[in-house]
Amino acid sequence: MPELPEVETIKRGLQNKIVNLKIKDIKVLNPNSFQGDTQKAEKQKVNKVWRRAKVLGLDLDNNLTLLFHLKMSGQLVYQGKRLFVGGHPTQDMKDQMPNRSTRVIFTFSDNSKLYFNDQRKFGWIKLLDQIKDLTFLKDLGPEPLDKSFTVEVLKEKISKRKNMAVKVAIMDQTLISGVGNIYASEACFDAKIDPKKKVGNLSEPEFRALHQGIIKSLEDGITHGGSSRAHFVNAGGEKGYFLDYANVYNREGDLCKRCGGMIKKIQLGGRGTYFCPNCQS
DNA sequence: CACTTGACCTGTCCGC
DNA sequence: TGCGGACAGGTCAAGT
């Protein structure tokens with residue numbers, strides 16, 4: 001699901017809840033969802049919760065890290081006194097935990113629980129060595145919300161893909177990390193750029209607009225993610241998971257909020273892509 | 001190397 | 001109601 005803003009929201013939520021808690025037990029319901037020896041994480045305290053691109057990390061006392069990737073359908077549900085839910089919203093979220101898509105269950109020493117739910121089983125959890133095994137993260141492109149992510153960096157990174165559609169290029173995690181299918185459409189809309197325009201045909205002002213569009217859509221996502229994508233809810237659940245704030249994503253046939261044109265859906269790089277043909281050129 | 005396509009899974013929705 | 005196909009917020013490997 002989850003793109004940068006959703007994983008960031010999960011990180012912030014979990015930070016306040018599980019740092020300093022000790023993992024008592026890990027129960028793996030689907031073997032392929034967890035790689036590593038669960039026993040090495042048991043009895044360990046969570047020291048830090050962090051995010052890199054769409055990857056979430058929990059640093060443990062013994063210099064091991066639990067890494068999470070939620071892929072298309074992953075969720076993390078923390079059940080303490082209340083429920084904290086982050087990830088791709090599904091109807092299952094209203095269910096009691098665990099539910100039929102629960103793949104791994106963490107129990108902490110205070111008996112609170114963290115459920116890893118993943119309908120499509122694409123997601124994973126890995127237990128890795130902080131020094132030796134995390135080097136693969138360096139293959140990821142820059143974090144778009146870092147100060148160091150300037151227009152020049154964006155241009156330098158994506159310009160080697162001159163024949164690639166802009167929207168496809170900004171989703172390439174080795175060029176820029178964290179932008180997925182929703183925010184790629186939203187960023188192009190914000191920048192008034194046709195998502196299928198080739199990178200090589202972008203003007204200087206368009207590079208600047210794209211840079212701002214990426215940052216703005218991700219920041220908006222984090223702002224809304226806190227209130228609409230991830231929820232603190234009562235155990236009985238609460239509606240509102242599907243609250244939709246996007247300008248173009250999943251809005252085929254709707255009228256453009258900016259110019260009144262009609263939002264169109266096309267395929268780009270095999271992914272559904274939404275834009276307003278009237279004001280994105 | 002640049003770029004595309006299919007595979008990985010499960011579930012839901014939509015048209016016949 | 002049942003069935004088939006398309007589709008879903010991500011990434012790999014294998015292909016051209």
Side-chain angles (χ1 to χ4, degrees), chain A residues 1-10 29-35 51-56 67-76 85-95 99-104 116-126 136-137 139-141 144 157-189 195-200 214 217-218 220-222 224-225 228-230 241-253 265-274:
Chain A
M1 97 139 264
E3 304 181 32
L4 186 155
E6 287 74 30
V7 182
E8 178 65 21
T9 301
I10 293 170
L29 282 61
N30 178 56
N32 290 336
S33 297
F34 192 104
Q35 300 168 28
R51 177 190 64 75
R52 172 79 174 95
K54 302 172 191 173
V55 176
L56 185 77
L67 272 197
F68 296 72
H69 200 306
L70 303 175
K71 292 289 181 80
M72 298 283 267
S73 62
Q75 312 172 326
L76 283 173
V85 181
H88 194 161
T90 64
Q91 292 183 333
D92 287 348
M93 286 166 66
K94 290 200 288 281
D95 297 348
N99 63 25
R100 62 177 168 169
S101 41
T102 300
R103 310 301 179 198
V104 180
F116 176 71
N117 299 335
D118 185 21
Q119 178 185 99
R120 295 174 73 180
K121 298 181 178 173
F122 291 164
W124 46 252
I125 303 172
K126 302 180 187 186
F136 76 94
L137 293 174
D139 294 334
L140 291 166
K157 286 287 175 185
I158 67 174
S159 288
K160 50 188 135 175
R161 302 282 199 271
K162 59 181 162 61
N163 289 316
M164 191 177 268
V166 172
K167 188 230 176 196
V168 177
I170 62 176
M171 286 178 65
D172 184 327
Q173 301 298 296
T174 67
L175 303 179
I176 308 164
S177 65
V179 179
N181 202 37
I182 292 180
Y183 294 97
S185 278
E186 295 299 312
C188 289
F189 174 80
K196 60 185 182 301
K197 187 164 188 163
K198 291 190 189 306
V199 172
I214 290 168
S217 60
L218 292 174
D220 282 359
I222 293 174
H224 292 274
S228 68
R229 290 297 178 90
Y241 304 120
F242 297 91
L243 183 62
D244 196 352
Y245 58 84
N247 288 308
V248 288
Y249 185 81
N250 209 20
R251 290 190 177 279
E252 183 182 22
K265 181 182 184 185
I266 58 171
Q267 291 289 123
L268 271 187
R271 312 297 302 278
T273 301
Y274 301 83

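Just so we're clear, the structure is a prediction, and the values are computed from it rather than from any experiment.
Using atom P as the reference point in both dA14(C) and dC9(B), the two lie 15 Å apart (nearest Å). Of the P atoms belonging to dT12(B) and dT11(C), the separation is 24 Å, rounded to the nearest Å. Nucleotides dC3(B) and dA8(C), compared at atom P, are 24 Å apart to the nearest Å. Between the C1' atoms of dG10(C) and dC1(B), the separation comes to 23 Å (whole Å).
DNA chain C contains the following stems of three or more consecutive Watson-Crick or G-U pairs, with both distances under 3.5 Å: B:2-8 with C:10-16, B:10-16 with C:2-8.
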Between the protein and nucleotides 11-16 of chain C, which nitrogen or oxygen pairs are less than 3.5 angstrom apart?
| unit_1 | atom_1 | unit_2 | atom_2 | d |
| --- | --- | --- | --- | --- |
| dT11(C) | OP1 | His69(A) | NE2 | 2.8 |
| dT11(C) | OP2 | Lys54(A) | NZ | 2.6 |

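A straight line from NZ of Lys198(A) to P of dC3(B) spans 8 Å, rounded to a whole angstrom. Here dT4(B) presents its C1' atom at 19 Å from NZ of Lys196(A), a figure rounded to the nearest Å. Whole-Å rounding puts the Leu268(A) CG to dG10(C) P distance at 14 Å. Summarising the geometry, the separation between CG on Leu175(A) and C1' on dA2(B) is reported as 11 Å, rounded to the nearest angstrom. In this structure, Asn117(A) places its CG atom 15 Å from P of dT10(B), rounding to the nearest Å. As a whole-Å value, the separation of Gln75(A) CD from dG10(C) P is 15 Å. Rounded to whole Å, the distance from CE on Met72(A) to C1' on dG10(C) is 6 Å. Rounded to an integer number of Å, the gap from Lys162(A) NZ to dA2(B) P is 10 Å.
Atom CG of Leu70(A) is separated from atom CG of Asn117(A) by 10.0 Å, given to the nearest 0.5 angstrom. To the nearest 0.5 Å, the span separating CD1 on Ile222(A) from CD on Glu3(A) amounts to 11.5 Å.
Judged as a salt bridge (Lys or Arg N to Asp or Glu O under 4.0 Å), and not counting sequence neighbours, Lys157(A) has no contacts. In this view, Phe189(A) satisfies the ring pair (Phe, Tyr, Trp, His ring centres under 6.0 Å) rule with no residue, not counting sequence neighbours. Evaluation of the ring pair (Phe, Tyr, Trp, His ring centres under 6.0 Å) rule for Phe116(A) yields no partner, not counting sequence neighbours.
No contact: Asp118(A) has no heavy atom under 4.0 Å from any strand.
Of all nucleotides listed (dT10(B), dA2(B), dC7(C)), dC7(C) comes nearest to the side chain of Lys265(A). Considering only side-chain atoms of Lys121(A), the nucleotide from dA2(B), dG10(C), dC9(B) that sits closest is dC9(B).
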Trace of the side chain to side chain contact (heavy atoms under 4.5 Å, CB included) decision for Ile158(A) with Met164(A): CA-CA 9 Å; Ile158(A) 67 174; Met164(A) 191 177 268; over 6 Å; no
Side chain to side chain contact (heavy atoms under 4.5 Å, CB included) between Leu218(A) and Val179(A), worked out: CA-CA 8 Å; Leu218(A) 292 174; Val179(A) 179; 4.3 Å; yes
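Among residue pairs with one or both ends in residues 167-188 of chain A, those qualifying as salt bridge (charged side-chain N to carboxylate O under 4.0 Å, His left out) are Arg161(A)-Asp172(A); sequence neighbours excluded.
A donor atom on one side chain and an acceptor atom on the other are found under 3.5 Å apart for Asn99(A) and Thr102(A).
Without hydrogens or angle criteria, Asp220(A) side chain to His224(A) main chain gives no donor-acceptor distance under 3.5 Å.
For the pair Asn181(A) and dA8(C), the criterion of a side-chain N or O lying under 4.0 Å from OP1 or OP2 is not met.
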